[in-house]
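Please read the structure below before turning to the comments.
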Amino acid sequence: MAFNNVGPLTYLAPGQTAYWSYTYGVDHGTQFATADVKAPNLGAIHMADQQSKRKENNGNATYFVQIHNQGIGGAFHNLQGGGMS
């Protein structure tokens, strides 16, 4: 199941990092999230890494990702991604 435009808009200046988590009420298996970068983009390059997952005893699955701006300017983003199928 793919998703786009999820979560609050978050501004990253050059060199900044945002830490994201998202939870499902059931385990959706492997999920991958990246930055859904918005315009205007002033030279931002948003890189996603540190993808991880926590499985709760109640069946919930929480996923984590870090977004780093490696560009020369800033931009807003939220998340896009989905499962590996």
Side-chain angles (χ1 to χ4, degrees):
M1 177 176 87
F3 58 88
N4 291 297
N5 201 33
V6 170
L9 288 178
T10 302
Y11 183 82
L12 286 182
Q16 285 186 320
T17 297
Y19 302 90
W20 289 85
S21 65
Y22 52 102
T23 302
Y24 293 110
V26 297
D27 188 347
H28 281 253
T30 300
Q31 297 289 303
F32 185 78
T34 62
D36 190 352
V37 181
K38 308 302 181 185
N41 180 345
L42 303 174
I45 301 171
H46 288 178
M47 179 187 76
D49 68 1
Q50 302 296 315
Q51 305 274 339
S52 55
K53 174 184 172 180
R54 178 178 60 217
K55 179 77 180 266
E56 305 291 345
N57 291 332
N58 65 4
N60 289 353
T62 301
Y63 300 86
F64 303 90
V65 62
Q66 294 180 20
I67 307 292
H68 311 278
N69 183 355
Q70 297 184 317
I72 61 169
F76 283 93
H77 77 283
N78 54 13
L79 292 183
Q80 67 185 151
M84 308 298 210
S85 56

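Within a 6.0 Å sphere centred on CG of Asn58, other residues, nucleotides and ligands contribute more than 12 heavy atoms.
Without hydrogens or angle criteria, Gln66 side chain to Ala48 main chain gives no donor-acceptor distance under 3.5 Å.
Ring orientation note: the planes of Tyr24 and His28 are tilted relative to one another, at an angle of 30° to 60°.
Taking CG of Asn60 as the reference point, atom CG of Asp27 lies at 10.0 Å (rounded to 0.5 Å). For the atom pair CG (Asn69) and CG (Asn41), the distance works out to 8.0 Å, reported to the nearest 0.5 Å. Residue Ile72 holds its CD1 atom at 8.0 Å from CD1 of Ile45, rounded to the nearest 0.5 Å. His46 contributes atom NE2, which lies 10.0 Å from atom CZ of Phe76 (distance to the nearest 0.5 angstrom). If you take CD on Glu56 and OG1 on Thr62, they are separated by 5.0 Å, rounding to the nearest 0.5 Å. The CG atom of Leu79 sits 7.0 Å away from atom OH of Tyr22, with the distance rounded to the nearest 0.5 Å.
The shortest heavy-atom contact between Gly74 and Pro14 is N-CD, 4.1 Å. Heavy atoms only, all atoms of each residue included: Gly29 and Tyr63 are closest at O-OH, 2.7 Å. Nearest heavy atom pair, residue Gly82 against residue Phe3, reads N-CE2, 3.4 Å. Scanning all heavy atoms of the two residues, the minimum distance from Ala75 to Pro40 falls at CB-O, 4.2 Å. Of all the heavy atoms in Trp20 and Gly7, the pair that sits closest is CZ3-CA, 4.0 Å.
Side-chain contact between Gln80 and Val6 is absent, with no heavy-atom pair separated by less than 4.5 Å. You'll find the side chain of Ile67 reaches within 4.5 Å of the side chain of Leu12, heavy atoms only. By the 4.5 Å heavy-atom criterion applied to side chains, Phe32 and Gln51 are counted as neighbours.
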ask   = Where do Lys38 and Asn5 land on the side-chain hydrogen bond (donor to acceptor under 3.5 Å, both in side chains) test, with the steps shown first?
value = CA-CA 9 Å; Lys38 308 302 181 185; Asn5 201 33; 2.9 Å; yes

inquiry  = Please evaluate residues Thr10 and His77 with respect to the criterion side-chain hydrogen bond (donor to acceptor under 3.5 Å, both in side chains), reporting the C-alpha separation (whole Å), side-chain torsions for both, the decisive distance (0.1 Å), and the verdict.
reply    = CA-CA 5 Å; Thr10 302; His77 77 283; 5.0 Å; no

